[in-house]
Structures are given as C-alpha cells and as structure tokens.
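This report concerns only the one structure given below.
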There are 2 protein chains.
Amino acid sequence: MNPEPTPPSRLDLPDSSRGVLRRLATHGPATRPQLAKILGLSRPTMSAVMPELMRLNLVGSSGSSRGATGRSAALYSLAPGAGHVLGVEVGATRARVVAHSLDGEQIAAREERVSARRRNVTEAAVATTTELCEKLLAEVGDGHGPLRDVVVAAPTKPSSKPSTANTSGLQPDGVEQLAAALPVPADVPVIVENNVNCAAIAEHRLGAAQNQDTFVYLQVGVKIGLGIVVDGKLMHGAHGASGEVAMMPFPWSPDEQPARAGLEEYLGSEALMARCADAWTDSSGPVPKDPEALFEAAARGHSTARRLVDQHATDIGRLAVGVMSVLDPGLVVLGGGVGQNQLLLPGVRRATTSLAWDTEITVGALGEHATVLGAVHLAITRALDRLT
Amino acid sequence: MNPEPTPPSRLDLPDSSRGVLRRLATHGPATRPQLAKILGLSRPTMSAVMPELMRLNLVGSSGSSRGATGRSAALYSLAPGAGHVLGVEVGATRARVVAHSLDGEQIAAREERVSARRRNVTEAAVATTTELCEKLLAEVGDGHGPLRDVVVAAPTKPSSKPSTANTSGLQPDGVEQLAAALPVPADVPVIVENNVNCAAIAEHRLGAAQNQDTFVYLQVGVKIGLGIVVDGKLMHGAHGASGEVAMMPFPWSPDEQPARAGLEEYLGSEALMARCADAWTDSSGPVPKDPEALFEAAARGHSTARRLVDQHATDIGRLAVGVMSVLDPGLVVLGGGVGQNQLLLPGVRRATTSLAWDTEITVGALGEHATVLGAVHLAITRALDRLT
DNA sequence: TCTAGTGTTCGGTAGCTTAACAAACTCAAC
DNA sequence: GTTGAGTTTGTTAAGCTACCGAACACTAGA
C-alpha cells in the first residue's frame with residue numbers, strides 16, 4: 001500500500017524539511033508555529049513540510065498543545081521508526097553497547113567484562129563486543145526503524161604500526177578488525193573514534209560542558225589523554241593524534257632531558273601508586289592497592305595520602321596549563337579513573353591560576369559512562385548529518 | 001548618469017553572484033564558461049550575473065581568451081574600483097602599512113622606525129602609525145574604490161589589565177586607542193589581531209603553509225608565540241589567549257616548580273644572549289651582541305656558538321613537541337627573529353622526531369614581512385566575507 | 001562553409017513568500 | 001447553557017526569486 005514504509009537512507013529534501021527534522025531530533029517535540037518561528041519559516045511552508053516528513057515516516061504527530069487562548073496546535077516529534085544508532089565502547093577490561101533513537105532516547109544497553117581467558121586482550125575484546133552487539137540488536141528488534149550509524153569508541157593511537165600482542169591495551173588493527181566484524185548490515189556506516197574524544201562529546205551534550213562550545217576533556221587514569229572540542233566539533237589533527245598529551249615534554253628543564261611519553265610515565269596511575277608505595281612509611285594502615293584506596297585515605301585525612309594527592313593535583317594542573325597555553329579552552333573538564341576525583345579539584349585550580357589566567361575547571365558529570373554515551377551521540381550526529 | 005558609481009558596502013546578491021565575485025577575488029581572472037563549470041552554474045545564470053556585477057562596478061571585463069577552436073570568451077576580473085583594504089603592523093620598534101586591492105595585489109606600502117624620543121613606546125607607536133596611514137591613504141587616492149577593511153597587527157596579550165607605561169612592549173589599550181584613532185572613515189571596520197596570528201595567515205596564503213589548511217606558526221624571537229590555523233581559520237580561544245605558549249610549564253620535573261611564563265624567560269632571545277655571554281670563555285673573537293651575530297658565528301663553525309645554537313634548537317623542538325602533543329598540526333612553520341634561522345632546523349627536527357611522531361617542520365618563507373602581509377590578507381578575507 | 005565553442009532568449013520549476021480565509025479553541029456576557 | 005468576540009492554527013491562492021534546460025544566434029578558426 002504505502003509507497004515507502006521505511007524511510008530511505010539518502011534523502012533529497014528541501015532545506016526547510018531538513019531544518020525541521022534536525023530541530024525535532026535535537027530539541028524534542030514542537031508545534032508547527034514554534035518550528036516556524038525558530039527556523040524562520042512561514043506557516044504555509046510548514047504546511048507543506050510536515051505531511052511530507054510524515055509520509056516518509058520520519059516524524060509523527062503526538063498529542064496537542066493548547067495555549068491560553070486560540071486553537072490548539074498539534075505536537076510533532078521524531079517518529080519511532082525514524083531510525084536508531086549504536087554506540088560501542090571497547091576497552092581492555094570492559095565492553096559496552098548502547099542503542100539510542102535519533103532524538104537521544106535510550107532504547108537498550110548492555111555491558112560485560114572482557115574475559116581474559118582468551119589468547120590475548122584484543123581478540124577477547126573483539127569477541128565479547130561482537131556477541132554483545134548481536135544480543136543488543138536482537139533486543140532492539142525492528143520497531144525502531146533502520147540502524148543508521150555505529151560509532152566504536154576505542155583507545156586508538158596515531159602511529160598504528162602493527163605490533164605483537166600486548167596485554168596492557170588494544171591493538172589498533174584489532175579495533176579496525178572489530179569495526180569490520182560487527183554484526184550490522186553492510187550499508188551501515190561504522191567508524192572508530194578515540195575513547196577520550198567520545199567522552200568529551202558526551203560531556204558536551206549531556207554533562208559538564210553543556211554551556212561551552214569550546215573546551216577540553218582531560219582524562220587522567222592509567223593513561224592520560226585529551227579530547228578537544230572547538231566550536232562544537234572534535235579536533236583530530238593531521239594524524240588523528242591531537243590530544244596525545246602523553247607526549248608533552250617531561251621532565252624538561254635547563255638540566256633535564258625529556259623522555260618519550262615521559263609525562264604519561266610520570267602522571268599515569270601506575271607511577272602514582274609506585275610513588276605511594278615508596279612514601280608509605282608510617283604505620284597507620286596498609287599501603288593503598290589502587291588509586292581509589294589512596295583517595296579514600298586522603299579523604300580520611302591521612303597525611304601521606306594527602307600529600308601524594310596534592311602533588312598529583314598540582315601536576316595535573318600543570319598539564320592543564322600546558323594545554324591551556326596552546327588552546328585557551330575556557331573550560332577544562334577532568335575525567336578518567338583518577339581525574340574525576342573531586343579531591344583533586346582545589347589543587348588543580350591552584351596550579352592553573354598560579355601559572356596562567358583564570359579558566360574554569362570542573363570534574364566530568366558522567367563518570368565512566370561518558371565514553372559510550374559520547375559514542376552514541378556522535379553516531380546520532382553523523383546520522384543526522386547524513387540525513388539532512 | 002550612473003545610478004551607482006561606487007559599489008554599496010552592504011550587498012544583496014544571489015548566491016551565484018557572490019560565488020563569482022569571491023572566485024574572481026581569490027583566484028584571479030576567468031571566463032564565463034570557466035566560472036560556470038567551477039561554481040556549478042549554467043550559462044544563462046552567468047548571463048544574468050556578469051552584467052549585474054559590472055553594473056555595480058565590482059568586476060570588469062579585460063581582454064579575451066580564445067581556445068583552440070570556437071568563439072573566444074571574454075575574460076573577467078575584479079574591477080579596479082571594487083575596493084581596497086589596509087594592513088597595519090605596529091610593533092615596539094617599527095610600523096608598517098600596506099594597501100592591497102581585494103584580489104591581493106599590492107597598491108602601496110610604507111614603513112618607518114618608531115622614534116623612541118617620545119614619552120613612551122605606546123604613544124610613539126600610535127603617533128607614527130597614524131601618520132604613516134595618512135600618507136599611505138593619500139598615496140592610494142580615489143582610484144581603487146572604497147576602503148573596505150583595516151586590520152591592525154599588534155602584540156596583544158589576553159588579560160589586558162591597564163598597567164603603567166613600560167618600554168619593552170605596547171599596552172593593549174594603547175592599541176585599541178590606535179584602532180580608534182586611525183584616519184579612516186567611521187564606517188570602515190577596524191580590528192586588532194595578534195601579530196603572530198597575522199604572520200600565520202600570511203604563511204598560509206603566500207608562504208610555507210600554502211598546501212596545509214591546518215598548521216601552526218611558531219614564532220621565536222625576543223618573545224615566543226604561536227599562531228594556530230585549523231581548517232583555514234585562526235583559533236583564538238576563549239580569552240583570545242590561544243597560542244600563549246610562553247605560559248607552558250617550565251621548568252617542570254619531579255623536582256622543579258614551573259615559574260609563571262618561565263618558558264619565555266628561558267627561550268626568549270634575551271636569555272639566549274645571556275647564556276651566550278656566560279659560555280663565551282674562549283678568545284676567538286668578541287662576544288656576539290645579538291642573535292644574528294651568534295648565528296653567524298655558529299655558521300662559521302665557532303664551537304661555542306654551535307653548541308648554544310644546537311641547544312636552542314633542541315629546546316625549540318621541545319616546545320614544538322608540546323604544541324604537537326596537543327594539536328597534531330601536521331606542519332610547524334618557524335618564524336621570528338631567532339626562529340626563522342635555517343641553522344636551527346636540523347636540531348629542531350631531531351628533537352621532535354625523538355620525542356613524538358613525524359611532523360613537517362619548515363622555516364617561514366616571508367621573513368619579517370609576514371606580519372603585515374597577514375594583516376592585509378585577513379582584511380581581504382573579512383571584506384570578502386562581508387561582501388558575499 | 002563547416003565545426004565548435006560563446007552568449008542570449010524563452011519557458012519552466014523548486015522553494016519559498018504574503019494575503020486572505022477557514023477552522024478550532026477560550027472566555028465572558030446574557 | 002448558548003452565543004458571539006477575540007485569538008491562534010492551518011490551508012489555499014497567487015506571486016516572487018533564483019535557478020535550470022533547450023533552442024537559437026553569434027563568432028572565430030580550419
């Protein structure tokens with residue numbers, strides 16, 4: 001009966017229709033007069049656009065909104081069948097998959113530890129993630145329209161020369177392989193995006209950076225990384241290596257030579273815990289096993305722990321100054337296993353204000369979910385860009 | 001007779017006309033069929049556009065181009081009366097003013113030392129520059145259409161708190177004052193742009209970065225600064241402080257505290273010459289007075305000079321690595337009194353490749369003229385953006 | 001004179017607009 | 001209640017701008 005039951009993936013719509021579609025996806029339901037006012041269109045144009053978008057099964061009318069006086073207006077929103085996207089996070093120890101509709105509503109989510117029994121981490125991660133995706137797609141079913149985009153968040157590195165299997169991280173070509181192996185139709189675009197960049201996007205859309213179109217997300221954990229958002233868009237650099245602050249020269253002084261990735265070696269949580277073990281000479285309790293334990297001890301007032309945390313905060317602040325001195329981001333959002341700890345904030349701020357100009361520093365609002373959420377939101381953005 | 005002898009500053013043209021105008025300005029003369037092909041327009045559209053643009057005195061036809069066969073096509077280019085712009089460079093010791101037409105051809109140029117006799121540098125610079133502008137505008141006369149934009153290149157600093165007169169640089173509000181005092185009609189837009197940013201633009205349009213849309217311009221001289229171009233556009237940051245690499249934490253190691261602007265104190269040419277004086281213990285000639293003399297000595301093979309230059313190159317390379325680790329620019333163009341010296345290049349490259357991934361490093365192609373040229377090209381860009 | 005280009009005229013279309021009108025809803029007077 | 005006044009929503013009609021394709025006229029060299 002219907003000439004087009006499922007919307008085509010490649011659309012040929014006038015600007016007005018694109019604008020309406022995009023607006024409904026990004027800002028939720030609205031009435032015709034509201035859309036007309038916001039987009040600068042006339043009512044007759046809306047009269048042409050809305051039926052067309054409904055015919056394509058991209059928007060649907062749901063309920064009505066009546067004001068204080070006058071005729072009540074119909075409410076329009078994205079149709080359930082307009083489509084959905086996948087966000088995939090694949091880390092060394094954990095895999096997550098999330099499905100959202102194009103208006104940002106979550107449809108389904110799954111998460112699993114990567115079993116370390118298999119031969120190597122990359123292979124295990126790929127297998128786990130693939131299975132997870134399959135289950136999730138089965139759960140989503142057909143009720144949400146076509147799958148329009150998939151973004152895989154992974155700890156990518158720029159100079160991706162093939163190397164032997166390691167246990168501390170994922171291999172870049174392993175990730176590419178995963179992207180190719182995902183159980184999705186061949187015509188669905190799949191990309192891999194750096195996990196820190198994804199987290200930055202999430203904080204921009206849903207978290208601590210909603211009011212800033214230009215900011216950086218500084219992740220401090222086992223490794224350190226930086227996601228840069230300028231005018232609402234991710235910066236990638238010439239080799240996809242922007243934000244590789246592990247490479248920042250450190251130590252660097254008139255008498256000391258920087259080492260390759262020396263900063264990561266010093267600021268990573270492994271080094272932090274090593275310093276902790278060295279410094280832990282007093283008898284008030286056992287040596288903290290992981291950063292969480294260290295921060296807990298510091299929160300309890302343990303003097304050695306406090307000193308260690310303070311020093312770490314100062315160093316993170318100096319790293320932030322290094323970034324600020326290049327970018328002047330206006331806002332620095334801290335994230336990652338270590339960086340997201342509120343206890344660091346005063347020390348970081350002290351370091352930045354003493355070395356540079358005032359810049360807002362916050363802790364990310366989304367915690368460890370930032371990465372998947374960023375991936376899925378990037379997928380939404382890409383799907384809408386292609387659609388409109 | 002003519003209804004519009006001078007083109008209006010605010011135009012209401014269809015997209016096709018804007019495209020033609022922009023193309024002629026940025027890529028020089030062309031025929032109708034060429035323009036139609038490049039811009040994706042039809043011949044009837046060109047038939048409407050060209051007379052309209054000629055009526056507005058924005059383009060003119062000059063000569064004809066005949067191919068191997070068929071009728072010869074008329075050549076069109078920007079009309080002489082389409083307008084012109086000014087680039088102004090105001091430094092602590094030197095002022096330059098340049099006038100270009102919208103297609104980038106130089107109309108006139110002047111340059112003068114800032115006399116230091118007056119009360120303070122800022123005042124002297126403002127006075128000198130104003131006079132220079134007046135003379136230049138008189139020289140240009142009326143034959144080049146309206147003055148459409150003015151860009152002043154100056155060593156701006158972000159946190160522009162009013163301070164007492166100093167002799168080492170210009171005061172930010174002094175520069176603002178200059179922008180207001182320039183002898184140009186009130187309706188001509190005047191902006192102040194950082195001098196390093198201007199130099200970056202010049203290298204992008206005319207110099208060493210013509211093939212890269214994303215790169216950085218690293219200026220090393222008395223001070224150090226960075227201009228960032230991403231996708232062909234300058235980055236300014238939240239406070240106009242992006243590129244303030246003088247603030248990069250230095251010295252920074254497990255045992256050393258960074259000082260505010262410590263890197264500039266170490267990498268600036270004053271510090272370089274101080275180290276030179278300290279190290280210059282041998283008897284083979286007098287102590288070099290300025291960086292040029294030092295580099296000359298190094299070029300002659302003087303061992304102490306070579307060592308100093310090598311060390312400086314290494315440190316500049318480390319600074320470049322700091323920038324690369326944030327931005328991954330793909331190309332670093334070196335400029336400034338010290339940085340533009342070819343002798344530094346091998347040492348800088350050695351440092352960057354040992355600490356990070358491969359990135360092209362070059363010396364700027366425009367020397368000390370980069371700044372004015374950048375200012376005038378920025379003015380052209382702004383004028384065209386407003387016009388189209 | 002043939003051929004292959006350049007430029008113009010004519011008619012048509014997409015994508016908007018404003019103006020006028022019809023439909024729907026609230027409120028308040030009777 | 002009923003009824004009309006006032007207000008807002010949605011549709012219809014007519015017109016405008018900025019483009020396009022097709023057909024035709026106009027050079028210029030072979």
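Below, each value reflects all heavy atoms present in this structure, side chains not excepted, and no hydrogens, waters or symmetry copies. Lettering of chains follows the sequences in order, A, B, ..., and the numbering in each one begins at 1.
The side chain to side chain donor-acceptor pair (under 3.5 Å) check on Asp213(A) picks up His204(A), with sequence neighbours excluded. Residues satisfying the side chain to side chain donor-acceptor pair (under 3.5 Å) criterion with Thr388(A), sequence neighbours excluded, are Arg22(A). Evaluation of the side chain to side chain donor-acceptor pair (under 3.5 Å) rule for Ser42(B) yields Thr45(B) as partners, not counting sequence neighbours. For Ala99(A), the side-chain contact (heavy atoms from CB on, under 4.5 Å) criterion is met by Leu86(A), Ile107(A), Leu136(A), Val140(A), not counting sequence neighbours. Taking Arg382(B) as the reference, Asp149(B) meet the salt bridge (Lys or Arg N to Asp or Glu O under 4.0 Å) condition, with sequence neighbours excluded. In this view, Glu105(A) satisfies the salt bridge (Lys or Arg N to Asp or Glu O under 4.0 Å) rule with no residue, not counting sequence neighbours. Residues passing the salt bridge (Lys or Arg N to Asp or Glu O under 4.0 Å) test with Glu89(B) are Arg96(B), sequence neighbours excluded. For the side chain to side chain donor-acceptor pair (under 3.5 Å) test, residues two or more places apart in sequence or in another chain that qualify with Asn194(A) are Thr156(A).
Summary of the strand contacts: Val49(A) and Ala48(B) both lie near DNA chain C, and taking for each the nucleotide with the nearest heavy atom, the more 5' one is attributed to Ala48(B).
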**Nucleotide-resolved protein contact map, nucleotides 20-30 of chain C, B/S/- at heavy-atom distance under 4.0 Å** = ---BBBS----
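Counting 5' to 3', DNA chain D first comes under 4.0 angstrom of a heavy atom of chain B and last does so at the ends given by dA18(D) to dG29(D).
Here the P atom of nucleotide dT17(C) and the CE atom of Met46(A) are 10 Å apart, to the nearest Å.
The structure places CG of Leu147(A) at 12.5 Å from NE2 of His144(A), a figure rounded to the nearest 0.5 Å.
Counting only residues at least two apart or on different chains, no ring-ring contact (aromatic ring centres under 6.0 Å, His included) pair has a member in residues 43-81 of chain A.
Among the protein residues, Ala74(B) comes within range of the sugar-phosphate backbone only, with heavy atoms under 4.0 Å from sugar or phosphate atoms but none that close to a base.
Side-chain N/O atoms of Ser42(A) include one lying less than 4.0 angstrom from OP1 or OP2 on dT17(C).
Within a heavy-atom distance below 4.0 Å of DNA chain C, the residues of residues 18-41 of chain B found are Arg32(B), Pro33(B).
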